[in-house]
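Atom set for the values below is all heavy atoms of this structure, side chains included, hydrogens, waters and symmetry mates excluded. Sequential numbering from 1 along the given sequence is applied to the chain's residues.
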Amino acid sequence: MNIFLSILKNLPAVVLATFALLAWAQAPTRVTNGMLTDVTGITLYTYDRDIPGSGKSTCTGTCAADWMPLISIDGISVQGDYSIVDRDDVTRQWAYKGKPLYYWYKDKKPGDKNGDGMGEAWRVAKP
């Protein structure tokens with residue numbers, strides 16, 4: 001749980017605002033310029049090492065400090081291509097078509113996609 005609190009302390013204000021907005025949203029993402037973003041326009045990513053439909057995220061520990069999960073808030077129902085995976089730190093994370101969704105810590109404003117292709121394993125999430 002300490003890693004989760006550490007992540008929250010380091011999130012940009014826009015990401016924290018996203019968590020608040022998600023409490024009222026039906027879908028956690030939107031399509032912006034052909035890519036999935038959160039409701040504020042911040043780019044979301046998938047990780048090639050996550051196995052679609054496995055119900056797990058493989059980005060944990062220090063990985064999750066740089067690649068922050070799109071956290072699910074209790075009470076939101078899943079629909080369509082969305083699902084929720086359980087994380088090792090007891091939080092729950094949104095997934096699209098079975099792939100967990102993440103933020104890249106260096107993306108600071110809507111439209112940034114600095115994490116695309118990182119480590120040849122991170123991809124901008126696309127519908």
Engineer: Using ring pair (Phe, Tyr, Trp, His ring centres under 6.0 Å), reason through Y96 and Y82 one step at a time and then give a plain yes or no.
Structural biologist: CA-CA 5 Å; Y96 181 74; Y82 293 95; 5.2 Å; yes
Engineer: Kindly work out whether a path of hydrophobic side-chain contacts (I/L/V/M/F/W/Y, heavy atoms less than 4.5 Å apart) joins V85 to I51.
Structural biologist: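 In one cluster with V85: I51, no.
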Engineer: Kindly state each residue pair satisfying disulfide (SG to SG under 2.5 Å) with at least one member in residues 97-127, sequence neighbours excluded.
Structural biologist: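 Matches after skipping sequence neighbours: none remain.
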Engineer: Please round to the nearest 0.5 Å and tell me the distance separating atom CG of L36 and atom NZ of K97.
Structural biologist: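 One gets 9.0 Å once the value is rounded to the nearest 0.5 Å.
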Engineer: Taking salt bridge (charged side-chain N to carboxylate O under 4.0 Å, His left out) as the test, write out the residues that go with D116, two or more places apart.
Structural biologist: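 Expected list: none.
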Engineer: Enumerate the residue pairs fulfilling disulfide (SG to SG under 2.5 Å) with a member in residues 59-127, sequence neighbours excluded, ordered by first and then second residue.
Structural biologist: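 Those involving residues 59-127 are C59-C63.
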Engineer: Could you give the distance from CG (L44) to NZ (K126), rounded to the nearest 0.5 Å?
Structural biologist: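 L44 CG to K126 NZ: 13.5 Å, rounded to 0.5 Å.
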Engineer: Give me the atom names and distance for the closest heavy-atom approach of R87 to P69.
Structural biologist: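 It is NE-CG, 3.6 Å.
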Engineer: Should we say atom CG of N33 is surrounded by more than 12 heavy atoms from elsewhere, each under 6.0 Å from it?
Structural biologist: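 No, because the 6.0 Å sphere around CG of N33 holds 12 heavy atoms or fewer from other groups.
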Engineer: For a side chain to side chain contact (heavy atoms under 4.5 Å, CB included) check, start with the C-alpha distance between W104 and T43, then their side-chain angles and the critical distance, and finish with the verdict.
Structural biologist: CA-CA 8 Å; W104 172 235; T43 304; over 6 Å; no
Engineer: If every non-hydrogen atom of P127 is compared with every non-hydrogen atom of G34, which pair is closest and at what distance?
Structural biologist: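 Here P127 and G34 meet closest at CD-O, 3.6 Å.
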Engineer: Are Y47 and W67 near enough that their ring centres are under 6.0 Å apart?
Structural biologist: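 No, ring centres 6.0 Å or more apart.
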Engineer: Kindly say whether G115 contributes a backbone atom to a donor-acceptor pair with the side chain of Y45 at under 3.5 angstrom?
Structural biologist: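 Yes.
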Engineer: To the nearest 0.5 angstrom, please state how far the CZ atom of R30 sits from the CG atom of D38.
Structural biologist: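 Nearest 0.5 Å value for the CZ-CG distance: 7.5 Å.
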Engineer: Calculate, to the nearest 0.5 Å, the distance between atoms OG1 and CH2 belonging to T29 and W94 respectively.
Structural biologist: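 Rounded to the nearest 0.5 Å, the OG1-CH2 separation comes out at 8.5 Å.
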Engineer: For D50 and S57, indicate whether the former's side chain and the latter's backbone hold a donor-acceptor pair under 3.5 Å.
Structural biologist: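 Side chain of D50 to backbone of S57: no pair is present.
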Engineer: Is there a donor-acceptor pair closer than 3.5 Å between any side-chain N or O of D112 and the backbone N or O of N114?
Structural biologist: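 It does not hold such a pair.
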Engineer: Kindly indicate, with the supporting measurements, whether the criterion side chain to side chain contact (heavy atoms under 4.5 Å, CB included) is fulfilled by Q93 and T91.
Structural biologist: CA-CA 7 Å; Q93 178 178 3; T91 60; 5.9 Å; no
Engineer: Sequence neighbours excluded, which residues qualify as side chain to side chain contact (heavy atoms under 4.5 Å, CB included) partners of T46?
Structural biologist: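 For T46 the side chain to side chain contact (heavy atoms under 4.5 Å, CB included) partners, ignoring immediate neighbours, are K99, L101, R123, A125.
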Engineer: With sequence neighbours excluded, tell me which residues meet salt bridge (charged side-chain N to carboxylate O under 4.0 Å, His left out) with D86.
Structural biologist: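 D86 satisfies salt bridge (charged side-chain N to carboxylate O under 4.0 Å, His left out) with R92 once adjacent residues are dropped.
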Engineer: Kindly assign one of parallel, tilted or perpendicular to the pair W122 and Y102, based on the angle between their ring planes and the thresholds 30° and 60°.
Structural biologist: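 W122 and Y102: perpendicular rings.
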Engineer: What are the two closest heavy atoms between S72 and I84, and how far apart are they?
Structural biologist: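 The pair with the smallest heavy-atom distance is OG-CD1, 3.1 Å.
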Engineer: Quick one: salt bridge (charged side-chain N to carboxylate O under 4.0 Å, His left out) partners of K56, sequence neighbours excluded?
Structural biologist: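 Salt bridge (charged side-chain N to carboxylate O under 4.0 Å, His left out) list for K56, sorted by chain: D88.
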